[in-house]
Amino acid sequence: MEAVQTNKGEGKKLHKPNNIVVVPVDSDSSTFYKRWCIFLRPFINLTNREIDVIAEFLKQRQELSKKISDPAILDTMVMSDETKRKVIDACHITQQHFYVVMSNLRKNKVIMGNIINPRLIPNIRQDDNGCFQLLILFKEKQ
């Protein structure tokens with residue numbers, strides 16, 4: 001028997017997930033963000049080094065979001081010189097190589113208008129008991 005929920009007003013059926021994959025990670029570590037970026041690879045087509053850099057930016061963003069609630073200030077702080085130095089150190093790359101990677105991230109629209117593309121930032125909430133859930137719908141074309 002299949003669990004089905006009807007979407008009010010549209011008459012369409014919404015199915016509950018029938019497959020669940022659990023990926024054990026620590027959301028405060030680079031591992032989660034690296035796996036997140038690898039998952040996004042088919043959509044953003046990044047090299048391994050570019051994935052390392054954007055994953056570290058996402059980690060830094062998450063850490064800063066614990067202290068900064070204003071999204072505009074948070075975005076500014078994520079792209080500050082101090083955060084960039086932390087990313088360079090964590091990724092063990094030279095400043096010159098870092099700027100080449102940043103240029104590629106801009107070309108691939110991972111960084112837009114000097115902020116991380118909001119569509120690529122996982123919505124990790126404190127009240128989700130350490131779980132980040134992502135629902136992917138493979139829908140037949142009509």
Side-chain angles (χ1 to χ4, degrees), residues 1-8 10 12-142:
M1 178 146 185
E2 187 178 86
V4 177
Q5 178 182 1
T6 304
N7 191 3
K8 294 178 184 176
E10 294 183 25
K12 295 180 182 179
K13 293 180 181 178
L14 297 177
H15 298 273
K16 291 185 179 180
N18 54 7
N19 290 308
I20 297 174
V21 176
V22 176
V23 181
V25 293
D26 179 2
S27 65
D28 288 338
S29 76
S30 296
T31 306
F32 169 78
Y33 297 100
K34 186 166 184 170
R35 288 184 182 171
W36 171 249
C37 292
I38 289 169
F39 170 80
L40 293 174
R41 182 176 258 162
F43 308 105
I44 56 177
N45 193 26
L46 300 178
T47 66
N48 289 339
R49 181 57 72 187
E50 291 163 351
I51 284 175
D52 290 344
V53 170
I54 195 60
E56 187 60 32
F57 268 115
L58 290 170
K59 177 186 170 212
Q60 293 294 326
R61 186 182 192 287
Q62 178 65 22
E63 289 176 10
L64 287 167
S65 72
K66 293 175 184 175
K67 299 173 186 163
I68 303 170
S69 60
D70 184 315
I73 295 171
L74 179 59
D75 287 336
T76 301
M77 291 305 298
V78 169
M79 289 299 158
S80 71
D81 289 340
E82 181 181 343
T83 303
K84 288 177 181 176
R85 278 192 297 278
K86 288 180 182 179
V87 171
I88 290 168
D89 291 344
C91 293
H92 307 290
I93 59 176
T94 65
Q95 188 171 1
Q96 184 178 4
H97 190 188
F98 172 78
Y99 286 110
V100 170
V101 170
M102 290 294 287
S103 175
N104 291 338
L105 292 174
R106 286 184 182 94
K107 285 178 190 173
N108 285 312
K109 295 185 171 47
V110 173
I111 296 177
M112 300 170 43
N114 209 32
I115 64 169
I116 299 171
N117 184 338
R119 295 182 59 193
L120 305 177
I121 300 170
N123 185 16
I124 299 173
R125 298 179 305 215
Q126 295 297 333
D127 57 341
D128 283 342
N129 297 321
C131 292
F132 170 70
Q133 299 179 41
L134 174 67
L135 177 63
I136 301 173
L137 297 175
F138 290 93
K139 187 176 177 183
E140 225 177 302
K141 291 182 180 179
Q142 295 180 8

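Because the structure is predicted, anything quoted here is derived from the model rather than measured. Computed from heavy atoms alone, side chains included, the values below leave out hydrogens, waters and symmetry copies.
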Atom [atom1] of [X] and atom [atom2] of [Y]: how far apart are they, to the nearest 0.5 Å?
X: Leu74; Y: Gln62; atom1: CG; atom2: CD; value: 9.0 Å
X: Leu105; Y: Ile111; atom1: CG; atom2: CD1; value: 4.5 Å
X: Tyr33; Y: Gln60; atom1: OH; atom2: CD; value: 10.0 Å
X: Phe57; Y: Met79; atom1: CZ; atom2: CE; value: 4.5 Å

Any side-chain heavy-atom pair from Asp52 and Ile93 closer than 4.5 angstrom? no

Val78 vs Ile115 side-chain heavy atoms within contact, under 4.5 Å: no

Looking only at heavy atoms, what is the nearest atom pair of Glu56 and Ala90, with distance? CD-CB, 3.5 Å

Determine the minimum heavy-atom distance between Met77 and Thr83, stating which atoms define it. O-OG1, 2.8 Å

The side-chain hydrogen bond (donor to acceptor under 3.5 Å, both in side chains) partners of Asn108 (sequence neighbours excluded) come to none

Residues at least two apart in sequence or cross-chain that pass side-chain hydrogen bond (donor to acceptor under 3.5 Å, both in side chains) with Ser65, listed by chain then number, are none

Using the salt bridge (charged side-chain N to carboxylate O under 4.0 Å, His left out) criterion, which residues pair with Asp75? Sequence neighbours excluded. Arg61

Only counting residues at least two apart or in another chain, list the ones meeting side chain to side chain contact (heavy atoms under 4.5 Å, CB included) with Asn45. none

The single option from Lys66, Lys67, Lys59 passing salt bridge (Lys or Arg N to Asp or Glu O under 4.0 Å) against Glu63: Lys59

Return a table of donor-acceptor pairs under 3.5 angstrom between the side chains of residues 35-44 and protein atoms on other chains or two or more places apart.
| from | atom 1 | to | atom 2 | distance (Å) |
| --- | --- | --- | --- | --- |
| Arg35 | NH1 | Pro24 | O | 3.2 |
| Trp36 | NE1 | Leu120 | O | 2.8 |
| Arg41 | NE | Leu46 | O | 3.1 |
| Arg41 | NH2 | Leu46 | O | 3.3 |
| Arg41 | NH2 | Asn48 | OD1 | 2.5 |

Quick note, salt bridge (Lys or Arg N to Asp or Glu O under 4.0 Å) partners involving residues 82-97, not counting sequence neighbours, are Glu82-Lys86

Which residue pairs pass the side-chain hydrogen bond (donor to acceptor under 3.5 Å, both in side chains) test with at least one member in residues 95-104, sequence neighbours excluded? Glu50-Asn104

